[in-house]
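Every chain is numbered from 1 and lettered A, B, ... according to where its sequence line falls, protein lines coming before strand lines. Predicted, not measured: the structure shown is a model, and the values here were computed from it.
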Number of protein chains: 2
Amino acid sequence: MKMSGGVEWGLHCCVALSGAGAPVTAAKLAELHDVSQSYLAKQLQLLSRAGLVRSTLGQSGGYVLTRAANEITLLDVVEAIDGVQPAFRCTEVRQRGPLAVPAERCDTPCPIARAMDSADRAWRESLRAVTIADLIADVNRTTPPEILAGAREWLRA
Amino acid sequence: MKMSGGVEWGLHCCVALSGAGAPVTAAKLAELHDVSQSYLAKQLQLLSRAGLVRSTLGQSGGYVLTRAANEITLLDVVEAIDGVQPAFRCTEVRQRGPLAVPAERCDTPCPIARAMDSADRAWRESLRAVTIADLIADVNRTTPPEILAGAREWLRA
DNA sequence: TTCTATTCGGACAAAAGTTATCCGAGTCAA
DNA sequence: TTGACTCGGATAACTTTTGTCCGAATAGAA
Ligand code: SF4
Ligand code: SF4
């Protein structure tokens with residue numbers, strides 16, 4: 001049970017992108033976080049496919065957020081990078097073995113699957129309640145303005 | 001993001017064990033669910049290490065639950081088999097790269113880690129609210145008594 | 001208009017984690 | 001005492017994840 005480590009990078013990139021108005025290249029984002037630029041590119045591709053960011057090609061190109069920061073939830077990023085499939089996947093064990101339940105009785109999900117689904121929903125609901133804007137607000141509150149300005153400048157350069 | 005498939009088997013085994021008062025061997029449980037007995041044995045070992053089941057060695061040995069069914073939550077089984085580590089693991093990216101935040105400012109977890117932790121807690125809390133006894137009650141309610149009796153008999157034989 | 005430098009995108013390996021299996025140490029019943 | 005049967009941990013095969021690479025497409029400069 002481990003979610004893709006790229007989720008963390010993706011979230012950081014969203015926060016960074018929100019700060020810089022101009023497109024930022026994948027290479028710059030990778031240098032900022034000191035991670036493999038090739039692999040970070042992969043995550044950005046996933047974000048692009050999900051429609052969270054838009055890529056501009058050619059010179060002075062890069063990535064830009066497609067929506068306002070308060071319209072992007074953590075769940076959006078997690079599902080874009082880590083996938084939408086629930087962690088628990090029922091194998092329909094009850095339909096196998098000597099005491100197999102006939103398929104006609106399996107119209108409704110069993111209690112195990114229901115409980116797992118409920119937990120998964122609670123998890124997603126919790127992630128949906130937080131937006132990128134919330135993260136930024138927290139960062140702005142706990143970081144001195146001078147450092148924030150420096151970061152913005154570094155991204156632009 | 002995928003939890004170990006053995007969780008499903010482990011849960012089914014707990015339900016089955018609760019039904020049969022006598023010890024049940026791993027081989028019998030495997031045959032019941034039509035899964036690899038070697039691999040199911042591994043999952044039962046995990047349950048044993050976690051203290052959820054107790055193994056009896058030698059002839060007429062097998063596995064028995066250590067507590068009442070209403071004292072075993074789904075979270076217990078999930079954590080025993082899938083591990084207790086949270087799905088999201090912070091790599092402390094903020095302490096790397098040219099704009100690295102000094103370690104002295106990293107005393108409190110960042111908003112991303114907090115949100116992820118909160119979601120993880122909600123997930124676990126949801127799983128903790130359901131017990132093996134709840135599952136059994138649901139099965140008893142939706143399954144004809146004749147089939148239940150047959151299953152109990154099959155386990156005993 | 002042409003050309004070049006720069007960008008992203010998907011195809012291609014390496015590593016890790018999961019799944020599946022085996023045989024030996026220990027134990028209980030006969 | 002015997003003997004067969006149990007679990008337990010150590011051992012391979014596979015799948016998923018992670019990481020890397022180079023080519024197609026683009027925007028700007030000449
Ligand atoms: S009882 Fe639930 S978890 Fe088990 S096989 Fe049926 S649907 Fe899947
Ligand atoms: S900002 Fe949060 S998720 Fe990112 S490195 Fe820091 S603690 Fe980890």
Residue pair B:R114, A:D138: steps toward the salt bridge (Lys or Arg N to Asp or Glu O under 4.0 Å) verdict: CA-CA 11 Å; B:R114 276 204 302 273; A:D138 191 293; 2.7 Å; yes
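- Within the structure, no pair that satisfies the side-chain hydrogen bond (donor to acceptor under 3.5 Å, both in side chains) test touches residues 59-69 of chain A, not counting sequence neighbours.
- Among the heavy atoms of the strands lying under 4.0 Å from B:R49 are primed sugar atoms or P, OP1, OP2 only; no base atom is included.
- Using a 4.0 Å cut-off between charged nitrogen and carboxylate oxygen, B:E8 and A:R89 do not count as a salt-bridge pair.
- Within 4.0 Å of B:G5, counting heavy atoms only, lie sugar-phosphate atoms of the nucleic acid but no base atom.
- Backbone-only contact: A:M1 has heavy atoms under 4.0 Å from sugar-phosphate atoms and none from a base.
- When DNA chain C is scanned 5' to 3' for any atom under 4.0 Å from a heavy atom of chain A, the first and last hits are C:dT6 to C:dT18.
- For A:K42 and A:W9, the positive end is not near the middle of the six-membered ring at less than 6.0 Å and at most 45° from its axis.
- Spacing between atom CG of A:L46 and atom P of D:dT17 amounts to 12 Å, rounded to whole angstrom units.
- For A:S60, taking side-chain heavy atoms from C-beta onward, the closest of the listed nucleotides D:dC7, D:dG9, D:dG28 is D:dG28.
- When heavy atoms are screened at a 4.0 angstrom cut-off, A:A26 is found touching the sugar-phosphate backbone but no base atom.
- Each of A:Q45 and B:M3 has a nearest nucleotide on DNA chain C; the 5'-most of these lies closest to A:Q45.
- Nucleic acid contact class of B:G62 (heavy atoms, under 4.0 Å, all strands): sugar-phosphate only.
- For A:K2 and A:L44, each mapped to the nucleotide of DNA chain C holding its nearest heavy atom, the one lying further toward the 5' end belongs to A:L44.
- When hydrophobic clusters are built by joining Ile, Leu, Val, Met, Phe, Trp and Tyr residues whose side-chain heavy atoms come closer than 4.5 Å, directly or via intermediates, A:L17 is grouped together with A:W154.
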How does each nucleotide of nucleotides 19-26 of chain D score, in 5' to 3' order, for protein heavy atoms under 4.0 Å: base (B), sugar-phosphate only (S), or none (-)? BBB---BB
